[in-house]
Visitor: 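My structure is below; once you've seen it, I'll send some questions.
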Amino acid sequence: MIERSLQALQQALAAKEISSVELTQLYLERIAQHNPQLNAYITVDPASSLARARAADAQLARGDGGPLTGIPIAHKDIFCSRGWLTTCGSKMLSNFVSPYDAAVIARFETAGAVLLGKTNMDEFAMGSSNETSFYGPVKNPWNDSCVPGGSSGGSAAAVAARLAPAATGTDTGGSIRQPAALCNLTGMKPSYGVVSRYGMIAFASSLDQAGPLARSAADCALLLNAMAGFDERDSTSLDRPAEDYSRELQTGAGEKPLAGFKIGLPEEFFGDGCSPEVMQLVEAAITEYRRLGAETVAVSLPSTHLSVAAYYVIAPAEASSNLARFDGVRYGYRAPQYRDLNELYSKSRAQGFGAEVKRRILIGTYVLSHGYYDAYYLQAQRIRRLIADDFAKAFEQCDVILGPTSPSTAFKLGEKAADPVQMYLSDIYTIAVNLAGLPAISLPCGFAGGLPAGLQLIGNYFTESRLLNVAHRYQQISSWHLQRPGGFA
Ligand code: GLN
C-alpha cells in the first residue's frame, strides 16, 4: 500500500480493497514507529484524523468520492488548521491553536482528503536545512546524520520515509524544491498567485507560494488540482480559469514524446558552484531528455549571481514587516514577566523568536530604514526586475529551463548551521525563480554516495501542466523516483 501512487490509492479505496480509516491507521502506525527517529511531524492527532477518515468512508460509500477522497495528506505546519496546533516551527506560536482553516487546508478538506498531521519546518520557513525549528531538526531518511533540506523538511522526510502518501510545502526561495531534491521527491512551486496564501503564515509575501511534495509528477498534478484556484481573500490570488494539471500526462506517448521541444541550459547553472557528482547526474538526465526527442539550446541568465543577494534583502524586508504582528498581546507566546507594555513586547519577541528569525528581522528593518532604503531595498527591487527580464529573454529561445536544484546532495546536520552565508548559497539555483514568480519543479535524477540528487525544470508563467508533463516523461523512463530509503519498509 505505501508504494502506491495517489491514483492507485484512490482505486483501492473505490474498490473497497481498503478503507480510509484503515489507510489512515496504517500511516498513523508508521508515524508512531518512525517519527521518533526523523522528527518529521510536530503534531499528529489520531482522533481528529480518524474522524475525517470516517467521513471520507461515508462519502466513498455513497459513491461520490473525488480523486483525493479518503487519502491522508500531511501539511506543513505553516498552514492554519482549525482546532490544530499551528506553530510555524516557532516558540512564538507554540501555544497557537488556529480558529480557522487556511485556503489550502480547506480545499483539501473539500476534496475529502484526510489531514494526517502537521509537519516540522524551519522557524517561519527561514532556512534550507530544517535546523532552525523550535521543535528540533528533522533527519534525512536517506542518512539520519544529514539534513532533509528546508524549510519544508518535515513534509519531505515524511513522504520519503512513507510516513505520508503526499504532503504540502511552501516555497519562498526553494523550500519545496530543495528538500524534494535532498529527499528524492518530486516537488513543485507553482507560479505566484496560483495557490491562495490565505491562512498560510506569511514570511515574504511577494515570494511565498504553496505547492505539492510527492513521489511523482503525476501525484503532484493531483495535489495541485486540489490546491490551485482563485481566492478573493488573498489579494494576489489570480482569477484564472480552472485547469486539470494532469491533462497532458495522458497524451502523446510514443517513441519521442518530447519531439520539437526545446530545453534551455543556462550557462550560469553549469559552471562552478555545483558539486561534480550532482552535475554528472544532471548531465545524464539531459542525455535522457534528448532520447525522448527534446532538443537542447544554450541560454543565459546573466543576473543569476545577484539573486541570492537581492533575495536576502527583499525577503528579510518583507519578513520584518510580516512578523511585527507577533507582539505577545493578541495571540502566541507572551513572556511570563514584564514591567510595562514595552517590556511585554520586547521580552515576548526576544524569548519567542529564534536566532535566524531575529537575524532576518534585523536585516529587514535595516534595509528598510531611512538612509539605507535606496541603497539596499530599491537596488534589490531593480535586480529583481533584471532577473525576471533574463527569464523572459531565455523563454524566447526555449520551452523549459533545466539545471540542478541544489548544488550538493544533503549535507551533514550542523555543517552549515554556523555560517549563514554558506547556508544561503545552497539556494543559488532556486531563488531566482521566486524573485521572478515563475513555476518550477524538482525531480529525482540519481544518487551520489547513497544520497539523492534533484533536477530542476523551470517554466514560463502558468506552464505548470507542461512542467509536470516534462517531469512525468522522464519518470516513465527512469526509476530514481521509485527508490525508497532503507529502514522504512
Ligand atoms: N532558504 C531560503 C530562506 O531561508 C528559502 C526558504 C523558503 O523557501 N521558505 O529564506
Side-chain angles (χ1 to χ4, degrees), residues 75-79 88-90 104 119-133 137-138 147-156 167-183 187-190 192 195 197 200-213 307-320 322-323 353-364 367 380 384 405-408 410-411 415-417 419-442 454 456:
H75 294 289
K76 186 175 183 177
D77 207 18
I78 198 169
F79 294 104
C88 218
S90 183
V104 164
T119 58
N120 204 343
M121 55 180 285
D122 279 302
E123 186 178 5
F124 286 103
M126 297 172 188
S128 308
S129 66
N130 221 121
E131 292 170 291
T132 72
S133 171
V138 176
V147 304
S151 63
S152 314
S155 286
T168 55
T170 62
D171 193 312
T172 303
S175 281
I176 290 174
R177 291 162 286 157
Q178 191 254 18
L182 272 44
C183 290
M188 175 172 247
K189 176 225 169 275
Y192 185 75
V195 178
R197 292 184 295 108
M200 182 175 116
I201 296 168
F203 162 15
S205 310
S206 77
L207 302 160
D208 298 342
Q209 245 323 264
L213 265 162
S307 60
V308 172
Y311 173 91
Y312 280 100
V313 171
I314 293 169
E318 295 185 20
S320 70
N322 275 326
L323 271 57
F353 290 136
E356 183 61 29
V357 173
K358 286 178 187 158
R359 184 179 296 129
R360 306 281 178 113
I361 293 172
L362 288 172
I363 296 171
V367 300
R384 186 172 189 174
T405 303
S406 168
S408 70
F411 44 92
E415 187 181 323
K416 298 187 183 178
D419 185 345
V421 175
Q422 271 311 308
M423 188 70 88
Y424 298 170
L425 283 172
S426 61
D427 299 328
I428 179 78
Y429 302 122
T430 50
I431 267 179
V433 168
N434 300 72
L435 289 167
L438 295 166
I441 190 166
S442 177
Q456 182 176 216

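All of these numbers come straight from a predicted model, not from anything done at the bench. Counting convention: from 1, in listed order, for ligands and their atoms alike.
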Visitor: With sequence neighbours left out, write down each residue that passes side-chain contact (heavy atoms from CB on, under 4.5 Å) with Ala167, or none if nothing qualifies.
Guide: Ala74, Ser155, Val159

Visitor: Out of curiosity, Asp427 CG to Thr405 OG1, how far, rounded to the nearest 0.5 Å?
Guide: 11.5 Å

Visitor: What does the list of residues with a heavy atom under 4.0 Å from ligand 1 look like, ordered by chain and number?
Guide: Ala125, Met126, Gly127, Ser128, Ser151, Asp171, Thr172, Gly173, Gly174, Ser175, Phe203, Tyr311, Tyr312, Arg360, Asp427

Visitor: Could you tell me whether a side-chain N or O of Asn130 sits under 3.5 Å from a main-chain N or O of Pro148, the two making a donor and an acceptor?
Guide: no

Visitor: Say you draw a straight line from CG of Asp77 to CG of Asn120; how long is it, rounded to the nearest 0.5 Å?
Guide: 8.0 Å

Visitor: Once salt bridge (charged side-chain N to carboxylate O under 4.0 Å, His left out) is applied, do any residues pair with Glu356, and if so which ones, sequence neighbours excluded?
Guide: Arg359, Arg360

Visitor: Excluding sequence neighbours, so at least two apart, what forms ring pair (Phe, Tyr, Trp, His ring centres under 6.0 Å) with Tyr424?
Guide: Tyr312

